[in-house]
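Here the structure is a predicted model, which means the values were calculated and not measured. Note that these values count all heavy atoms, side chains included, but never hydrogens, waters or copies made by symmetry.
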Amino acid sequence: YQTNAIQALIDAADPYSVIYLIGKFAYTALTINVEGLRVVIDGVLKQYSSTASDSTGFISITADYVSIEGGQFDGNTTTGSIISIDDGADYVTIKHALFTNLDVDDNLTSSSGNYAAIVVSGDFARIDNCTFKNLTNSQTPGNSGKNDSFPRGMTVLGDDCTSSDCVFKTVANPHTVTGSRFQSFDAYMKDVSDNGYYMLCSDAVVQNASIIDCTDEPFVFGAPAENIRVIGGYIKNHGNAISFDRATDINIDGLSVNSTACAHLFKTRSTNTTHGQTITAITQASEAVVTETAHGLAVGAEVTITGATPSGYNGTYNVTAKTDDTITIDLDSSSLGAYTASSGTLTSEGQGCRNIRIRNVTAKVSCLFQVTDFTTGTVRDFLLENSNIQHEYNTNSRSVRVKNITQASNAEVETPSVNNITVGMTVTIAGATPSGYNGEYTVQTVVNTKKFTIDLDSSSLAEFVEASNYDSTVTADLP
């Protein structure tokens, strides 16, 4: 059978009916646009040419509640994606399918790079018990303006999608995820080139994944990865470390590692980046809302406003909430005059990595957590607990700005961002006004993530001067 016969069969089907395809089939592009259609395949589907784009795939699913069960998708010289679940096609299920010997290319004019055996743009999709084997890419890096040349098992762009019990053998980038609330259960990966999981998403869970013989990073948590949990799992022979790149609220618990190829198990992938854009609008509120399109900042990031009219908006603040195009900051602007549109500029050193929690990790060889460029705040609020992993820092101290110091027998120091200070640390305060606050002290208590007390009796000193840009700093020796 060829495309016209299969497509005619699909088009004639009733909603929520079943089509059985038994035998060997050759086709180009198919569209499944019948709601609830269940396609059961007992045989091989082989592509013999391509005119479809990488965004639509060879089999384009455009209706809700479609199910594809079984089938071997066997390659020839193919291009683009194999199955595409289009945006708006929700609750689609693909299970017990085999994708093998496919040349998953992106040879078209799109630079999106969203090419894979399966591309999921719809929401609530389920990919269960599928096997991806021998996925290659004949393209060279940068061909036709592409941003990478690696074939992917699945690219998940939609929200609330789930993958369970899938197997990946000889595949690059088995999982690339940007959609929110993705869940992956019991994946098995072997002979993986590039990354096992490339996570650019939020509110995701990866449970009991096995990643064996991965030439690069088993996990990459890249900006804007946020609130991701990795529970259990096994890694053997990885070529590069699990990497954090300006990620926030990452929790790894119960991972087992057996690898001698890489000296580092975890590392920060890059240092902070400078961020600066013109501010479109600022509200007058107890916590001001700043409008800046596609800002890419995380909650907890430290930002500075300059050049604003009125000048009362200028200063350094913490991000307390965000949307894609706005941030809420700890500035009470309710008594200020109306902000003059586009008068101010918002800058940030980059939020770095925040709230990284690594617990109960077992490494069968000596592994390190490497933190790069700690002085500029690449990692803040980091916990390593019940794990046989050592720390390795490229620098011995880091500095954060000081927002306030109280007048008390044990002065309380407040920083505008999470400081990761602990009791007993030696800290140095410099640049303060009055200068009597400057010096080296020992941390006595930790009040919260931004406040701690030191062995300085400041009760007789003049009131601490809070500069608009927090000129004074506190430097802490790392443990």
Student: What is the distance from atom CG of Asp165 to atom CG of Asp186, rounded to the nearest 0.5 Å?
Tutor: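 If I round to the nearest 0.5 Å, the distance is 5.0 Å.
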Student: Looking only at heavy atoms, which two atoms of Glu440 and Thr426 are closest? And how far apart?
Tutor: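 Looks like CG-CG2, 3.5 Å.
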Student: Quick check: do Met154 and Ile127 have side-chain heavy atoms less than 4.5 Å from each other?
Tutor: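 A side-chain contact exists here, since the closest heavy-atom pair is under 4.5 Å.
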Student: For the backbone of Thr283 and the side chain of Ser333, can you confirm whether one donor and one acceptor N or O come within less than 3.5 Å of each other?
Tutor: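 Here the side-chain-to-backbone pair exists.
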Student: Is Ile405 close to Ile429 at the side-chain level, that is, under 4.5 Å between some pair of heavy atoms?
Tutor: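 When only atoms from C-beta onward are counted, Ile405 and Ile429 do touch, with a gap below 4.5 Å.
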Student: Decide side-chain hydrogen bond (donor to acceptor under 3.5 Å, both in side chains) for Ser342 and Thr278; before the verdict, give the C-alpha distance in whole Å, the side-chain angles of both, and the deciding distance to 0.1 Å.
Tutor: CA-CA 6 Å; Ser342 303; Thr278 299; over 6 Å; no
Student: Quiz question: by atom type and distance under 3.5 Å, do the side chains of Ser202 and Ser180 form a donor-acceptor pair?
Tutor: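 Yes, Ser180 and Ser202 have a side-chain donor paired with an acceptor closer than 3.5 Å.
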Student: Using salt bridge (Lys or Arg N to Asp or Glu O under 4.0 Å), reason through Asp213 and Lys190 one step at a time and then give a plain yes or no.
Tutor: CA-CA 6 Å; Asp213 299 332; Lys190 191 175 189 306; 3.3 Å; yes
Student: Is the ring centre of Phe168 less than 6.0 Å from the ring centre of Tyr188?
Tutor: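 Ring-ring flag for Phe168/Tyr188: false, centres at least 6.0 Å apart.
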Student: Please confirm whether the backbone N or O of Lys451 pairs with a side-chain atom of Asn448, one donor and one acceptor, at under 3.5 Å?
Tutor: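 Side chain of Asn448 to backbone of Lys451, a donor-acceptor pair under 3.5 Å: yes, one is there.
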Student: Considering non-hydrogen atoms only, spot the tightest contact between Ile356 and Ala247 and give its length.
Tutor: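 Heavy atoms of Ile356 and Ala247 come nearest at CD1-O, 4.2 Å.
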Student: Checking Asn314 side chain against Ala308 main chain: does a donor-acceptor pair fall under 3.5 Å?
Tutor: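 Such a contact is found between Asn314 side chain and Ala308 backbone.
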Student: So for atom CZ, which belongs to Arg181, do other residues, nucleotides or ligands contribute more than 12 heavy atoms lying within a distance under 6.0 Å?
Tutor: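 Yes, the 6.0 Å shell around CZ holds more than 12 heavy atoms from other groups.
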Student: Kindly compute the distance separating OH (Tyr317) from CD1 (Ile327), expressed to the nearest 0.5 Å.
Tutor: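 With rounding to 0.5 Å, OH (Tyr317) is 11.0 Å from CD1 (Ile327).
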Student: Backbone N or O of Ala432 within a donor-acceptor pair of the Asn438 side chain at under 3.5 Å?
Tutor: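 Checked: pair present.
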Student: Any non-hydrogen side-chain atom of Phe182 less than 4.5 Å from a side-chain atom of Ser163?
Tutor: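 In short, these two side chains touch, coming nearer than 4.5 Å.
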Student: Would you name the heavy atoms of Pro174 and Gly196 that are closest together and state the gap between them?
Tutor: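 Heavy atoms only, the tightest pair is CD-O, 3.6 Å.
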Student: Which heavy atom in Cys130 sits nearest to a heavy atom in Lys95, and how many Å separate them?
Tutor: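 Here Cys130 and Lys95 meet closest at SG-CA, 3.9 Å.
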Student: Side chains of Thr453 and Glu412: any donor to acceptor distance under 3.5 Å?
Tutor: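 Absent: no donor and acceptor within the cut-off.
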Student: Check whether Thr320 reaches the backbone of Thr328 with its side chain - one donor and one acceptor, N or O, closer than 3.5 Å.
Tutor: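 Checking the backbone N and O of Thr328 against the side chain of Thr320, a donor-acceptor pair under 3.5 Å is found.
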Student: Search all heavy atoms of Asp455 against all heavy atoms of Thr442 and return the closest pair with its distance.
Tutor: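 Smallest heavy-atom distance, with atoms named: OD1-N, 2.9 Å.
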Student: Less than 4.5 Å apart, side chain to side chain, heavy atoms only: is that true for Val230 and Ile250?
Tutor: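 SC-SC contact between Val230 and Ile250 ruled out.
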Student: To the nearest 0.5 Å, tell me how far Ile94 CD1 sits from Ile85 CD1.
Tutor: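 Between Ile94 CD1 and Ile85 CD1, I get 4.0 Å after rounding to 0.5 Å.
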Student: side-chain hydrogen bond (donor to acceptor under 3.5 Å, both in side chains) for Ser243 and Glu217? Distances and angles first, verdict last.
Tutor: CA-CA 7 Å; Ser243 299; Glu217 300 150 308; 2.7 Å; yes
Student: Let me confirm one number: the NZ-CD distance from Lys403 to Glu414, rounded to the nearest 0.5 Å.
Tutor: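 Rounded to the nearest 0.5 Å, the NZ-CD separation comes out at 5.0 Å.
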Student: Looking at Gly232, is its backbone amide N or carbonyl O close enough to the side chain of Gln207 to form a donor-acceptor pair, meaning the two atoms are under 3.5 Å apart?
Tutor: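 Checked: no pair found.
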Student: Find the distance between CD (Gln444) and CZ (Phe452) and round it off to the nearest 0.5 Å.
Tutor: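 It comes to 11.0 Å.
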Student: For Lys322, is there an ion pair with Glu292 - N to carboxylate O distance below 4.0 angstrom?
Tutor: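 A salt bridge is absent here (no side-chain N lies under 4.0 Å from a carboxylate O).
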Student: Within the 3.5 Å criterion, strictly below it, is a donor on Tyr197 or Ser184 matched to an acceptor on the partner's side chain?
Tutor: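 Per modelled atom types, Tyr197 and Ser184 side chains form a pair under 3.5 Å.
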Student: For Val413 and Tyr441, what are the C-alpha separation, side-chain angles and deciding distance, and is it a side chain to side chain contact (heavy atoms under 4.5 Å, CB included)?
Tutor: CA-CA 11 Å; Val413 181; Tyr441 309 102; over 6 Å; no
Student: Taking the side chain as C-beta and beyond, is there a heavy-atom pair between Ile279 and Ile305 under 4.5 Å?
Tutor: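 Yes - at least one pair of side-chain heavy atoms lies under 4.5 Å apart.
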Student: With a 4.5 Å limit on heavy-atom distance, are the side chains of Ile228 and Phe221 in contact?
Tutor: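 The answer is yes, as the side chains (C-beta and beyond) meet within the 4.5 Å cut-off.
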Student: Does a side-chain heavy-atom distance below 4.5 Å link Leu336 with Tyr313?
Tutor: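 When only atoms from C-beta onward are counted, Tyr313 and Leu336 do touch, with a gap below 4.5 Å.
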Student: Check whether any side-chain heavy atom of Val361 sits under 4.5 Å from a side-chain heavy atom of Ile252, and report yes or no.
Tutor: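 Yes - at least one pair of side-chain heavy atoms lies under 4.5 Å apart.
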Student: Run the numbers on Phe464 and Thr433 for side chain to side chain contact (heavy atoms under 4.5 Å, CB included), then give the verdict.
Tutor: CA-CA 6 Å; Phe464 176 78; Thr433 303; over 6 Å; no
Student: Please check: side-chain N/O of Ser343 versus main-chain N/O of Thr309, any donor-acceptor pairing under 3.5 Å?
Tutor: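 Yes, Ser343 side chain to Thr309 backbone: donor-acceptor pair under 3.5 Å.
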Student: Evaluate the ring planes of Phe124 and Tyr91, with Trp represented by its six-membered ring, and classify them as parallel (under 30°), tilted (30 to 60°) or perpendicular (over 60°).
Tutor: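 It falls in the parallel class, under 30°.
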Student: How long is the span from the OG1 atom in Thr215 to the CG atom in Asn195, to the nearest 0.5 Å?
Tutor: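 It comes to 8.5 Å.
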Student: Kindly give the heavy-atom pair with the smallest separation between Ala209 and Val206, and that separation in Å.
Tutor: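 Scanning both residues, the minimum pair turns out to be CB-CG1, 3.9 Å.
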Student: Only one of Asp203, Thr248, Asp249, Asn251 clears side-chain hydrogen bond (donor to acceptor under 3.5 Å, both in side chains) with Asn227; which?
Tutor: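 That would be Asp203.
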Student: Would you sort out whether Lys169 and Met189 count as a side chain to side chain contact (heavy atoms under 4.5 Å, CB included), showing the intermediate values?
Tutor: CA-CA 6 Å; Lys169 293 184 178 181; Met189 290 163 267; over 6 Å; no
Student: Only one of Asn258, Ile211, Thr362 forms a side chain to side chain contact (heavy atoms under 4.5 Å, CB included) with Tyr234, so which one is it?
Tutor: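 Among the candidates, only Asn258 passes.
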Student: Side chains of Ser334 and Asp332: any donor to acceptor distance under 3.5 Å?
Tutor: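 Judged by distance alone, the side chains do pair up.
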Student: Look only at the side chain of Asp123 and the backbone of Asp159, and say whether a donor-acceptor pair between them is shorter than 3.5 Å.
Tutor: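 Confirmed, Asp123 side chain pairs with Asp159 backbone.
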Student: Side chains of Asp128 and Ser164 only: does a donor on one sit below 3.5 Å from an acceptor on the other?
Tutor: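 A pair is found: one side chain offers a donor N or O, the other an acceptor, under 3.5 Å apart.
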Student: Take Val303 and Thr347 through the test side chain to side chain contact (heavy atoms under 4.5 Å, CB included) and record every step on the way to the result.
Tutor: CA-CA 6 Å; Val303 297; Thr347 59; over 6 Å; no
